[in-house]
Amino acid sequence: MADSKGAKRKGVSTKPDLASLLGLVVGIGGILGGMLLEKGELRHLYQVSAGMIVLGGTFGAVMVTTPMNVLVRAIKHVMLVFFDTAQSPVAAIEEIIEYATQARKQGIVSLEQVAANVADPFLRKALNLAVDGIEMSQIRSIMELDLSLVEHEGEAEAKVYEAAGGYAPTIGIIGAVIGLIHVMQNLADIEAVGKGIAGAFVATIYGVATANLFFLPAAAKLKSRTQASVQIRELMLEGVLSIVEGLNPKLIRTKLDAYLQGAQSAGKKAAAAKGSAAGQPVSAEG
């Protein structure tokens with residue numbers, strides 16, 4: 001295995017999240033398409049001032065709410081909404097079985113050199129603890145603390161977008177009120193008043209649309225990414241503990257396969273829910 005600093009983690013690939021990309025296109029397309037069907041014009045929705053009020057006001061409110069280090073992490077990780085970088089559970093299991101087989105044949109101390117080159121920092125730390133002869137209960141305690149920190153950080157980043165989703169509609173209303181104030185100062189021209197009132201509500205549209213088409217869905221997607229990351233690490237931890245316990249690699253594989261079955265079961269349940277919502281029959285086999 002290559003050095004961890006320059007190595008690519010086993011089973012890790014970055015691929016576009018089609019659900020996020022297509023969802024955004026379908027959501028925006030549905031709204032704009034409906035507007036065009038009602039004989040509306042897209043140019044009526046183009047207002048730089050409304051965009052500045054909504055985005056600037058929302059970002060400012062989020063900055064007041066969120067610690068700067070969390071805000072920076074959330075901005076850096078926004079691409080996780082559109083790209084999936086999760087490690088394959090199958091690849092993780094195969095890697096652990098490889099280490100378990102070596103430990104079975106040559107002893108767990110033989111993993112010392114291997115552990116130093118493991119690309120995944122969580123797995124590397126767990127293996128190093130195992131090689132150092134730390135008791136299983138202590139290894140679990142230490143690594144579960146790491147899991148809690150990963151979960152806490154992921155939750156904090158998702159809350160940044162949840163906060164933005166809460167502020168954006170309200171800031172949009174503020175933008176609409178500002179527009180109406182401007183309109184009320186020019187009541188002499190009735191035609192201009194009508195156009196001004198219509199334009200004033202563009203900020204409200206921006207606020208509600210950004211909240212419900214991006215900010216809140218992004219928060220939910222980041223939470224799901226965190227859950228997937230935690231599950232992979234739980235798999236790794238159980239694998240390392242099984243190696244320390246001295247279990248047969250075949251038994252370890254059987255034990256870790258439960259994580260794959262759990263993921264498949266969750267996928268079948270999601271598919272069944274979609275089928276029921278669409279009024280389609282769902283087979284008993286899922």
Side-chain angles (χ1 to χ4, degrees), residues 5 8-9 11-32 45-89 119-122 146-175 202-233 263 266-267 270:
K5 292 182 179 179
K8 182 177 180 181
R9 287 165 54 190
V12 177
S13 59
T14 300
K15 57 184 179 180
D17 189 321
L18 295 181
S20 294
L21 295 170
L22 291 177
L24 199 57
V25 171
V26 170
I28 295 175
I31 293 173
L32 297 181
L45 291 181
Y46 178 72
Q47 284 195 20
V48 176
S49 58
M52 288 180 63
I53 291 171
V54 172
L55 296 180
T58 300
F59 189 68
V62 170
M63 289 181 68
V64 174
T65 306
T66 310
M68 185 56 69
N69 63 324
V70 177
L71 181 61
V72 171
R73 286 205 319 268
I75 294 173
K76 287 182 178 179
H77 291 165
V78 68
M79 295 308 296
L80 292 178
V81 176
F82 302 104
F83 293 92
D84 185 5
T85 60
Q87 183 173 10
S88 166
D120 186 274
F122 184 88
D146 279 15
L147 284 176
S148 297
L149 292 175
V150 169
E151 197 166 9
H152 176 74
E153 289 181 356
E155 185 74 18
E157 292 167 13
K159 284 183 178 179
V160 171
Y161 293 95
E162 284 184 346
Y167 293 135
T170 305
I171 301 297
I173 293 174
I174 293 175
V202 171
T204 303
I205 294 174
Y206 283 6
V208 175
T210 54
N212 291 280
L213 289 178
F214 179 70
F215 291 133
L216 296 178
K221 182 57 68 77
L222 288 177
K223 286 183 179 180
S224 70
R225 295 278 191 255
T226 300
Q227 291 172 356
S229 178
V230 168
Q231 188 173 35
I232 285 291
R233 284 166 169 78

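Values reported hereafter were calculated over all heavy atoms of this structure, with side chains retained and with hydrogens, waters and symmetry mates removed.
Minimum interatomic distance between V54 and A203 (heavy atoms only, all atoms of both residues): CG2-O, 3.4 Å. What you find for V150 and S229 is that their closest heavy atoms are CG1-OG, 4.3 Å. In terms of heavy-atom proximity, P217 sits nearest to N212 at CG-O, 3.3 Å. Shortest non-hydrogen contact noted between P16 and F83 is CA-CD2, 3.7 Å. For Y167 against A61, the heavy-atom pair with the smallest separation is CD1-CB, 3.6 Å. Across all non-hydrogen atoms, the minimal contact from L80 to L222 is CB-CD2, 3.9 Å.
Side-chain contact between L213 and I31: present, with at least one pair of heavy atoms (C-beta onward) separated by less than 4.5 Å. Taking the side chain as every heavy atom from C-beta outward, F215 and T58 approach each other to under 4.5 Å. Between Y206 and I171, the closest side-chain pair of non-hydrogen atoms is not below 4.5 Å. Residues L45 and L32 form a side-chain contact, since some pair of their non-hydrogen atoms from C-beta on lies under 4.5 Å apart. Side-chain contact between T226 and E155 is absent, with no heavy atoms from C-beta onward closer than 4.5 Å. For the pair L21 and V25, the minimum side-chain heavy-atom distance is 4.5 Å or more. Under the 4.5 Å side-chain criterion, counting only non-hydrogen atoms from C-beta, E151 is not in contact with Q227. Looking at heavy atoms from C-beta onward, L24 lies in side-chain contact with F82 at the 4.5 angstrom threshold.
In this structure, T66 contributes its side chain and M63 its backbone to no donor-acceptor pair below 3.5 Å.
Separation of atoms CG (L147) and CD1 (I232) is listed at 11.5 Å; rounding is to 0.5 Å. Between atom CD1 of residue I174 and atom CD1 of residue I53 there is a gap of 9.0 Å, rounded to the nearest 0.5 Å.
A salt bridge links K221 to D17: at least one charged side-chain nitrogen sits closer than 4.0 Å to a carboxylate oxygen.
When each of R225, H77, K223, H152 is checked for a side-chain contact (heavy atoms from CB on, under 4.5 Å) with E157, only H77 meets the rule.
Remark: E153 pairs with R73 by the side chain to side chain contact (heavy atoms under 4.5 Å, CB included) rule, at least two apart or across chains.
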